[in-house]
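Heads up, the thing below is written out as structure tokens.
Each residue takes its place number in the sequence, starting with 1. Everything numeric here is computed off the predicted structure, so don't read it as measured data.
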Amino acid sequence: MSFLNSLTQFAQGIDPTVTRLMLGEFEFMEFEVPERITIAGRHKTVQHQLIGGRRIIDVLGTEYEPLTWSGIITGSQAGERVSALERMRDAGHPVVLTLDDYRFTVVITAFSPVYEFVWRRPYTIEVAVVSNDGSPDKVDALTGALRGLIDSDLGRALGLANLINIDAVTQAVKDLHQAVQRVADFAHATVVQIQAVVRPLIAARNIIQHELALLEAAAGEITSLGGLVPGNPISQTVSNLLKQVDHTTRIPSLYRLQDVLGRLNKNVNAGQTASGVRAVTLSGGNLYQVASDQYGDASLWTSIADANDLADPQLSGIHTLKIPTSPAS
């Protein structure tokens, strides 16, 4: 048996580690796996100093230091394995790094093999972290639940609209339903997408309020049970009785529909909050500068304006502004 074969069997036999380390489809084996990899990260923050010494600190997310490790590629396939890693480095494409329970999307920024023998190649590798795929944002966990809540309330609203049977109300709820269906993911929706739903939602609530006022006024005109007023003809009495029955059905249903749409409004807007809408307080200034500070692009000031119901980018006095994390481009 050759010395090379003996070394290969020895390396496989002692199995110095059970750590699973993969880079794309390349799996590091035995001595190729390091004893330790330091995963250093810190929060990226932006601090705003306010009058009186107060500060607002916006947390922008975890920023990871490059991951580096070293190992020894051994065996008869050492040259081929080194070449595979060199090709990955030279391609510069994002790949998935799996380290047991950790999962990152990374780019190989450096790979330095050392030629000692044909069967032994020590190496050092460095990767830049694009994202931590093992710790998704909280908003991702809310995506399905948020959609379920919205669809559930929308179903109740459609059912109540059919029960109420007023054309204006039915049409308003249908318009709202169409607007909701055009948004695939409320948890990641932009301000413009949310506003496209909020506008018909507000219109529907205004129509319901108007219809409630009309029905309650009509109900007040019936001054006695069933409209049984002396001198009323039989036909008028029957008509009043039918109106009263109609009112007792429609008015409570309209109030329930208002409650459902109010809850729907909160859920529709919850995506931006779950996605990390921040609030910043400032005195004076303009939205161009705020957008530039927050997004690095002054042209995105309209997203901040939409989120805060502002038309004028110039600010006067003290404002606390909501800053959505998904600005409309």
In the single-linkage hydrophobic clustering (I, L, V, M, F, W, Y; side-chain heavy atoms under 4.5 Å), do [X] and [Y] co-cluster?
X	Y	answer
I207	L254	yes
V114	W119	no
V95	V82	yes
I166	L163	no
Y255	L264	yes

Taking side chain as C-beta onward, heavy atoms only, is [X] less than 4.5 Å from [Y]?
X	Y	result
L23	M88	yes
T98	V96	yes
I39	Y64	yes
V197	I150	no
E211	V169	yes
Q181	D151	yes
W69	L21	yes
S292	L300	no

Nearest heavy atoms of [X] and [Y], plus distance in Å:
X	Y	answer
A291	A298	CB-O, 3.8 Å
V107	P94	CG2-CA, 4.0 Å
V106	V129	CG1-CA, 4.1 Å
I251	L212	O-CD2, 3.8 Å
A161	V173	CB-CG2, 4.0 Å
L287	L310	CD1-CD1, 4.3 Å

When rounded to the nearest 0.5 angstrom, what distance separates [atom1] in [X] from [atom2] in [Y]?
X	Y	atom1	atom2	answer
N267	L154	CG	CG	11.5 Å
L261	L176	CG	CG	6.5 Å
L160	R256	CG	CZ	6.0 Å
I304	Y288	CD1	OH	12.0 Å
D175	L201	CG	CG	11.5 Å
F26	R87	CZ	CZ	10.0 Å

Q314 atom CD: more than 12 heavy-atom contacts under 6.0 Å:
yes
State whether the number of non-hydrogen atoms from other residues, nucleotides or ligands found under 6.0 Å of D90 atom CG is greater than 12.
yes
Would you sort out whether F28 and L85 count as a side chain to side chain contact (heavy atoms under 4.5 Å, CB included), showing the intermediate values?
CA-CA 11 Å; F28 293 84; L85 288 170; 4.1 Å; yes
Hits for ring-ring contact (aromatic ring centres under 6.0 Å, His included) against Y115, two or more places apart or cross-chain, chain-then-number order -> none
side-chain contact (heavy atoms from CB on, under 4.5 Å) with N165: which residues, sequence neighbours excluded?
R250
By side-chain hydrogen bond (donor to acceptor under 3.5 Å, both in side chains), E86 pairs with (sequence neighbours left out) none
Report yes or no: do T68 and E126 form a side-chain donor-acceptor pair below 3.5 Å?
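Distance-only check fails for T68 and E126.
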Hydrogens and angles aside, do S70 and T124 bring a side-chain donor and acceptor to less than 3.5 Å of each other?
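Side-chain D/A pair, S70 to T124: present.
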Quick one: salt bridge (Lys or Arg N to Asp or Glu O under 4.0 Å) partners of R81, sequence neighbours excluded?
E32
Could you check whether the rings of F111 and Y123 sit parallel, tilted or perpendicular, using 30° and 60° as the cut-offs?
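Rings of F111 and Y123: tilted, as their planes differ by 30° to 60°.
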Do the rings of F104 and Y102 sit parallel, tilted or perpendicular, given the 30° and 60° boundaries?
parallel
Given H177 and L158, is the side chain to side chain contact (heavy atoms under 4.5 Å, CB included) satisfied, shown in steps?
CA-CA 8 Å; H177 177 257; L158 289 168; 3.8 Å; yes
Applying salt bridge (Lys or Arg N to Asp or Glu O under 4.0 Å) as the test, list every pair that has at least one member in residues 156-171; sequence neighbours left out.
D153-R156
Which residue pairs satisfy the salt bridge (Lys or Arg N to Asp or Glu O under 4.0 Å) criterion with at least one member in residues 105-117, sequence neighbours excluded?
E116-R120
Show, in sequence, the C-alpha distance, side-chain angles and deciding distance for V127 and L97, and conclude whether the side chain to side chain contact (heavy atoms under 4.5 Å, CB included) test is met.
CA-CA 9 Å; V127 299; L97 169 66; 4.3 Å; yes
